[in-house]
Number of protein chains: 2
Amino acid sequence: MAAREIDHRAPEPPFRQIAADLTGESERGELSPGRPVPSEKELVERYGVARNTVRSALAVLRENGLVYTVPNRGTYVCDRNESAGDGQSKE
Amino acid sequence: MAAREIDHRAPEPPFRQIAADLTGESERGELSPGRPVPSEKELVERYGVARNTVRSALAVLRENGLVYTVPNRGTYVCDRNESAGDGQSKE
DNA sequence: TAAGATTTGTGCGTATGTATT
DNA sequence: TAATACATACGCACAAATCTT
């Protein structure tokens, strides 16, 4: 549960490493649609980075259509049976 | 609402071009005391520059007494276009 | 109903590394 | 070398919506 390995000296910036890590989890089905990305706070603790960094990583996933964020609620994994173009309403 | 023209080849560096632009708006009354300079993020998008560049521009306005910045709040236009001596506390 | 906690949104302060001129 | 700009990251504070108790 604690601190994934983030290499601050690697050419890949931390936020991309995190995005890649989360993307991997998503592809491996380790993140189920409905409660994927833990809260930003949890990710901060897990990767040992700043919140901004986590948010940058999540922005990448969002841009890739892997997740969608509901303001003041959380970020969820998209069902991705389909394309990946929309926001996927969550009621 | 999008991308003001910034000439990266002009003798005037971008941050001064931006400062001049904002100063012009201020003089034209397009920036009312209380909510002048949009957020740094908005300016970043508007001018298509890095945040640091925007901050440099705002620093110029601040030095000229045109605006004052409240930490973690925002940057506001000073009430008077007069002198330019104080920081004008905003509580 | 009212707190209080949780979570995301937003905004600024600051530092570092790299690239360009 | 210095000035300028960009990318990235860390920190801190507060707002607002939501969820919990």
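Naming convention: chains lettered A, B, ... in sequence-line order (proteins, then strands); numbering from 1 in each chain.
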*Closest non-hydrogen atom pair between Pro33(A) and Cys78(A), with its separation*: CG-O, 4.1 Å
*Check each of Arg51(B), Arg73(B), Arg46(B) against Glu40(B) using the salt bridge (Lys or Arg N to Asp or Glu O under 4.0 Å) test, and report the only one that passes.*
Arg51(B)
*Atom pair OG1/CZ of Thr75(A) and Arg55(A) - distance to nearest 0.5 Å*: 8.5 Å
*Between the base of dG9(C) and the side chain of Arg51(A), is there a donor-acceptor distance below 3.5 Å?*
yes
*Among dC12(C), dC6(D), dT8(D), find the nucleotide with the atom closest to the side chain of Val49(B).*
dC6(D)
*Please report, rounded to the nearest Å, how far the P atom of dT8(D) is from the CG atom of Asp7(A).*
16 Å
*asked:* Can you tell me if Thr53(B) touches the phosphate of dT4(D), counting only side-chain N or O atoms and a distance under 4.0 Å to OP1 or OP2?
replied: no
_Protein-nucleotide distance (Ile18(B), atom CD1; dC6(D), atom C1'), rounded to Å_ = 12 Å
_Value in whole Å for how far the P atom of dT8(D) lies from OH of Tyr47(A)_ = 18 Å
*Euclidean distance, atom CG of residue Leu43(A) to atom C1' of dT6(C) [Å, nearest integer]*: 14 Å
*Consider the side chain of Ser39(B), meaning its heavy atoms from C-beta on, and name the nucleotide among dT4(D), dG9(C), dC12(C) that approaches it most closely.*
dC12(C)
*Using a cut-off of 4.0 Å on non-hydrogen atoms, how would the nucleic acid contact of Thr69(A) be classed: base, sugar-phosphate, or nothing?*
sugar-phosphate
_Closest-nucleotide mapping onto DNA chain C: is Thr75(A) or Asn52(A) further toward the 5' terminus? I mean the 5' end._
Thr75(A)
*Nearest-Å distance, CZ (Arg62(B)) to P (dC12(C))?*
10 Å
*Gap between atoms CZ and P, on Arg55(A) and dA9(D) respectively (whole Å)*: 14 Å
*Please report, rounded to the nearest Å, how far the P atom of dG9(C) is from the CG atom of Leu58(A).*
9 Å
*Look at the side-chain N and O atoms of Arg73(B) and state whether any lies under 4.0 Å from the OP1 or OP2 oxygen of dA13(D).*
no
*To the nearest Å, how far apart are Asn72(A) CG and dA15(D) C1'?*
9 Å
_hydrophobic_cluster_shared for Leu61(A) and Val44(A), side chain cutoff 4.5 Å_ = yes
*Nearest-neighbour nucleotide for the Lys41(B) side chain, dT8(D), dT4(D), dG11(C) considered*: dG11(C)
_Can you give me the closest heavy-atom contact between Thr53(B) and Phe15(B), atom names plus distance?_
O-CB, 3.6 Å
